[in-house]
Participant: 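Quick one: this structure, given as structure tokens, is what I'll be asking you about.
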Amino acid sequence: DFMREMAGLSDMEKQLKSILGITRVLILPQDSDDIPAVKANIGKEAARLLETKFPLYKKIAVTGGSTMAAISKEITADKKDASLQFIAARGGLGEDVLHQANTIASLFAEKTGGAVKTLYLPDHLSAEAYEMMMREPVIKEMMELYDQTEVVVHGIGNAEEIALHRKSSVEEVNRIRNGGAVSEAFGYYFDKEGNVVYRIRTAGIQMEQVQNAPFILAVAGGRSKATAILSYFKIAPPQTTLITDEGAARKIIELT
Ligand code: F6P
């Protein structure tokens, strides 16, 4: 509309689509690094877009983080739909409860009348524990659900920030740093070119499963995330829509 034209947002959306190699980008005004309400607006916009997908797609996997939590606050449903199924994309124990994929999936389900599948496991598993978990029927069932996932909604983080926040081991932080990782999503750490530098051994959704989903929504804003967004979109599936803010968008354009 007129206001967006005035602010040059439509123009920036066009630029970002071409830089990131995707067909849909939505930019909210201002910068969530400075103004917390901007993150709430990203949440609102993401919720409205997702609601349009509910009649079509029923199996929806969600990750954690504060931007995802902002969506869960905004999601609503005109008519309750019991055929919707929200799937926690990660175990995520160890993370702040409100920002866990499990909590967010539960909120989505509660608000839309759908069902929820949670995964309560530590994010980091030893090789032995991982092997054993993969043989557990409840975990196998989650893996099958990830195979069938139609919509993936996820955040993108700064690699180092996330690594430190997760209380990763010194060895892990060193691998992430020395490998030049700048972004993180789904437990994968990527460098500037989009190469996987490190990945957490987790029972969550795998990148191959994300790639198979017909609709993917990424939410990340703030100029501090520009490098992370650029990195992740080197490998992001082309069916990904990005909802971001002006702060991140301006910085991305400046960096390229
Ligand atoms: O920890 C879950 C997660 O989705 C990460 O994969 C991602 O990097 C991060 O949260 C994004 O969090 P936020 O939206 O708070 O920046």
Side-chain angles (χ1 to χ4, degrees), residues 28 31-47 60-74 86-108 118-124 146 149 151-168 172-173 176 181-191 194 196-207 209-210 216-233 235-236 240 242-245 247-248 251:
L28 279 304
D31 188 329
S32 50
D33 282 354
D34 303 325
I35 309 164
V38 176
K39 195 179 277 185
N41 289 339
I42 293 176
K44 219 175 275 173
E45 201 68 29
I60 300 146
V62 305
T63 70
S66 63
T67 321
M68 287 298 302
I71 309 179
S72 67
K73 288 199 190 113
E74 297 292 342
F86 295 95
I87 309 155
R90 308 280 302 267
L93 289 187
E95 188 155 14
D96 177 10
V97 175
L98 286 177
H99 292 174
Q100 276 180 26
N102 287 314
T103 311
I104 291 164
S106 303
L107 276 167
F108 271 63
T118 50
L119 177 64
Y120 286 98
L121 276 184
D123 237 355
H124 292 64
Y146 294 146
T149 294
V151 174
V152 180
V153 196
H154 71 95
I156 302 165
N158 285 321
E160 189 155 330
E161 216 173 278
I162 297 285
L164 295 174
H165 173 79
R166 282 190 180 137
K167 302 189 184 63
S168 316
E172 214 174 346
V173 173
I176 290 162
V182 293
S183 69
E184 189 279 350
F186 311 108
Y188 293 75
Y189 290 85
F190 305 95
D191 68 12
V196 178
V197 167
Y198 180 75
R199 61 164 313 197
I200 298 176
R201 200 187 294 108
T202 171
I205 200 166
Q206 311 294 304
M207 208 60 220
Q209 292 164 318
V210 175
I216 306 165
L217 178 58
V219 287
R223 63 183 178 280
S224 60
K225 284 214 184 153
T227 306
I229 294 170
L230 266 172
S231 151
Y232 176 72
F233 275 90
I235 58 92
T240 307
L242 171 67
I243 303 189
T244 188
D245 62 26
K251 186 78 194 173

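Computed from a predicted structure; not experimentally measured. When a ligand or atom number is given, it counts from 1 through the structure's own listing order.
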Participant: Any side-chain heavy-atom pair from T103 and H99 closer than 4.5 angstrom?
Facilitator: no
Participant: In the protein, what heavy atom is nearest to atom 12 (O) of ligand 1, and what distance, to one decimal place, separates them?
Facilitator: G65 CA, 3.6 Å
Participant: Considering only non-hydrogen protein atoms, determine which one is nearest to atom 3 (C) of ligand 1 and report residue, atom name and distance to 0.1 Å.
Facilitator: G64 O, 3.4 Å
Participant: Indicate yes or no: does D245 engage K39 in a salt bridge with an N to O separation below 4.0 Å.
Facilitator: no
Participant: Please identify which atoms of ligand 1 are closer than 4.0 Å to at least one heavy atom of G157.
Facilitator: 7 (C), 8 (O)
Participant: Please evaluate residues T149 and Q209 with respect to the criterion side chain to side chain contact (heavy atoms under 4.5 Å, CB included), reporting the C-alpha separation (whole Å), side-chain torsions for both, the decisive distance (0.1 Å), and the verdict.
Facilitator: CA-CA 8 Å; T149 294; Q209 292 164 318; over 6 Å; no
Participant: Would L164 and V173 count as a side chain to side chain contact (heavy atoms under 4.5 Å, CB included) here? Give the steps.
Facilitator: CA-CA 7 Å; L164 295 174; V173 173; 4.2 Å; yes
Participant: Where does I162 meet ligand 1, judged by heavy-atom distances below 4.0 Å: at the side chain, the backbone, both, or neither?
Facilitator: side chain
Participant: Regarding ligand 1, does K39 bring an N or O atom to under 3.5 Å of one of the ligand's N or O atoms?
Facilitator: no
Participant: Check I156 against ligand 1 and report side chain, backbone, both or neither, counting heavy atoms closer than 4.0 Å.
Facilitator: backbone
Participant: Tell me, which protein residue and heavy-atom name are nearest atom 15 (O) of ligand 1, and how many Å apart are they?
Facilitator: S66 OG, 2.5 Å
Participant: Against heavy atoms of F186, which atoms of ligand 1 measure under 4.0 Å?
Facilitator: 6 (O)
Participant: Between Y198 and E172, is there a side-chain donor-acceptor contact under 3.5 Å, judged purely by atom types and distance?
Facilitator: yes
Participant: Could you tell me the separation between the OG1 atom of T244 and the CD1 atom of I156, rounded to the nearest 0.5 Å?
Facilitator: 8.0 Å
Participant: Quick one: which ligand 1 atoms are inside 4.0 Å of a heavy atom on T63?
Facilitator: 4 (O)
Participant: What is the distance from atom CD of E184 to atom CD of E160, rounded to the nearest 0.5 Å?
Facilitator: 13.5 Å
Participant: Counting heavy atoms only, which part of H154 comes closer than 4.0 Å to ligand 1: side chain, backbone, both or neither?
Facilitator: neither
Participant: How long is the gap from CG on N158 to CD1 on I229, to the nearest 0.5 Å?
Facilitator: 9.0 Å
Participant: For atom 7 (C) of ligand 1, grab the closest protein heavy atom and report residue, atom and distance to one decimal in Å.
Facilitator: E184 OE1, 3.3 Å
Participant: After noting the C-alpha distance and the side-chain angles of I200 and R90, does the key distance pass the side chain to side chain contact (heavy atoms under 4.5 Å, CB included) rule?
Facilitator: CA-CA 11 Å; I200 298 176; R90 308 280 302 267; 4.2 Å; yes
Participant: Among all protein heavy atoms in this structure, tell me which lies nearest to atom 14 (O) of ligand 1, with the distance rounded to 0.1 Å.
Facilitator: T67 OG1, 2.5 Å
Participant: Please list the nearest protein heavy atom to atom 16 (O) of ligand 1 with its residue and the distance rounded to 0.1 Å.
Facilitator: K225 NZ, 2.4 Å
